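Only one structure is covered here, and it is reproduced in the block below.
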Amino acid sequence: MSNDVKESFGRDAPPAPAALAAKVRTLAPSMTRSMQRVAEAVAGDPAGCAALTVTGLAELTGTSEATVVRTARILGYPGYRDLRLALAGLAAQQQSGRAPAVTADIAVDDPLTDVVAKLAHDEQQTLADTAAALDTTQLGAAVAAMAGAGRVEIYGMAASGLVAQDLAQKLLRIGRHAYAHSDPHLAVHNAVTLRSGDVAVAITHSGTTGDVIEPLRVAFEHGATTIAITGRPGSPVSQYADHILTTSIARESELRPAAMSSRTSQLLVVDCLFVGIAQRTYETAAPALSASYEALAHRHQSAPRGGRQ
């Protein structure tokens with residue numbers, strides 16, 4: 001990931017203390033190893049690190065003062081002083097007596113009540129992480145591009161393909177010309193026809209899915225505005241994206257594949273895009289939604305008395 005892309009995550013207001021851990025989980029994989037050590041240290045022991053000077057934290061993590069400052073900026077803070085204040089706030093929150101979070105993986109012999117509780121906790125954490133890491137400047141730019149686009153073409157495979165279909169269906173209901181592609185050959189053929197004023201969206205959690213990267217590259221080279229929804233902002237898909245929307249890093253276990261967590265995160269980003277576009281195009285979106293409801297109303301009428309619902 002380029003320096004410009006990395007720095008873009010710090011352009012909004014500094015994240016709240018509670019968002020720090022989410023920022024670390026999301027951005028650490030795209031950092032250098034030395035910056036990862038700094039990020040992991042501040043997220044793992046906010047109270048201890050808050051008491052350290054920039055020199056002290058550099059010595060603790062075996063890095064340099066410049067690395068500490070750069071890590072703070074990538075996490076969204078103007079400088080190390082601002083990061084220390086956030087660490088102090090996070091430490092205070094952690095000492096406020098909140099109940100410990102449910103973090104254990106799902107076991108084969110877990111009762112369903114535990115499965116429900118653990119999955120609900122993980123889904124909530126995924127949504128919180130995504131919201132904390134999502135760059136609203138990038139989101140706003142993506143919304144503006146899609147709201148004014150002649151066509152919106154969306155590329156996604158497997159679980160991400162289902163999310164691509166969800167976005168396309170939402171946009172179609174408010175009168176936007178949007179299509180989801182899961183066939184890699186047709187996706188490339190489609191991308192060739194895109195031009196300036198069109199938008200191409202790639203959805204790939206890993207950021208390395210070749211069947212998604214290829215059509216995005218073609219769209220990018222033909223002048224379309226390109227958007228990547230990915231959990232790895234420094235991955236190959238990013239080099240062809242004008243705007244990057246970061247999803248949370250999936251926590252995978254034996255009974256909970258990464259696709260489950262990434263799907264939840266991606267759907268939140270899709271909903272944010274949809275609502276943002278609907279807001280910007282309300283005068284046309286509202287009548288389109290009403291027409292859609294009316295056209296399908298007869299399919300939701302009650303079944304005859306005595307029959308099954």
Side-chain angles (χ1 to χ4, degrees), residues 1-2 4-16 18-20 22-27 29-30 73-77 125-149 151-156 160 163-171 173-174 176 178 180 197-205 207 212 216 219-220 224-235 237-250 261-282 285:
M1 182 164 74
S2 69
D4 290 340
V5 173
K6 286 182 179 179
E7 296 295 348
S8 71
F9 289 95
R11 289 175 187 164
D12 288 338
L20 176 60
K23 278 277 190 179
V24 171
R25 281 191 290 270
T26 300
L27 297 180
S30 62
R73 289 175 178 168
I74 289 176
L75 291 174
Y77 302 93
Q125 188 64 58
T126 294
L127 293 173
D129 286 359
T130 302
L134 192 57
D135 186 329
T136 53
T137 300
Q138 292 283 308
L139 177 64
V143 165
M146 295 173 70
R151 292 162 53 194
V152 177
E153 307 292 339
I154 310 159
Y155 311 120
S160 294
V163 178
Q165 291 179 30
D166 182 74
L167 176 55
Q169 291 172 10
K170 282 181 165 67
L171 294 178
R173 293 194 66 187
I174 58 173
R176 313 309 299 173
D198 297 325
V199 171
V201 181
I203 304 177
T204 164
H205 176 68
V212 173
L216 192 73
F220 179 82
T225 298
T226 52
I227 299 167
I229 300 175
T230 180
R232 309 283 182 179
S235 59
V237 74
S238 300
Q239 63 185 308
Y240 303 115
D242 295 309
H243 308 295
I244 302 171
L245 304 179
T246 307
T247 56
S248 74
I249 298 300
S261 181
S262 65
R263 179 199 60 207
T264 299
S265 186
Q266 290 167 350
L267 286 172
L268 174 59
V269 174
V270 161
D271 286 347
C272 291
L273 285 171
F274 170 72
V275 172
I277 294 166
Q279 287 177 321
R280 291 181 70 99
T281 62
Y282 184 77

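Residue numbers run from 1 in the order of the sequence given. Everything quoted here is computed from the prediction, not taken from an experiment.
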Give the intermediate values and the outcome of side-chain contact (heavy atoms from CB on, under 4.5 Å) for residues I227 and M146.
-> CA-CA 10 Å; I227 299 167; M146 295 173 70; 3.8 Å; yes
Supply the atom-to-atom distance L273 CG to L268 CG, rounded to the nearest 0.5 angstrom.
-> 10.0 Å
Nearest-0.5 Å distance, CG of residue D166 to CZ of residue R263 | 11.0 Å
side-chain contact (heavy atoms from CB on, under 4.5 Å) between T264 and L127, worked out | CA-CA 7 Å; T264 299; L127 293 173; 3.7 Å; yes
Over all atoms of both residues, closest heavy-atom pair of A241 and A228 = CB-CB, 3.6 Å
The reported gap from CG in L245 to CD in Q266 (rounded to nearest 0.5 angstrom) is 11.0 Å
Would you list the pairs meeting side chain to side chain donor-acceptor pair (under 3.5 Å) in which at least one residue belongs to residues 224-234, sequence neighbours left out?
-> T226-D242
For the student: nearest non-hydrogen atoms of Y240 and F220, plus distance | O-CD1, 3.3 Å
Is the backbone of A224 close enough, under 3.5 Å, to the side chain of D198 for a donor and an acceptor to pair up by distance?
-> no
Heavy-atom side-chain proximity of Q279 to V143 below 4.5 angstrom = no
Distance (rounded to the nearest 0.5 Å) between I229 CD1 and T246 OG1 | 10.5 Å
In Å, rounded to the nearest 0.5 Å, how long is the span from OG of S248 to CD of Q125?
-> 8.5 Å
Do you know the tightest heavy-atom contact between G156 and V212?
-> CA-CG2, 3.9 Å
Should K170 and V270 count as side-chain neighbours, where that means a heavy-atom distance under 4.5 Å?
-> yes
Spell out, as yes or no, whether a donor-acceptor pair under 3.5 Å connects the side chain of S238 to the backbone of P233.
-> yes
Nearest atoms (heavy-atom pairs only) where A200 meets L216 = O-CD1, 3.7 Å
From R151 CZ over to L171 CG, what is the distance, rounded to the nearest 0.5 angstrom?
-> 14.0 Å
Nearest heavy-atom contact between T281 and I277 is OG1-O, 2.7 Å
Non-hydrogen atoms of V201 and V199 that approach each other most closely = CG2-CG1, 4.0 Å
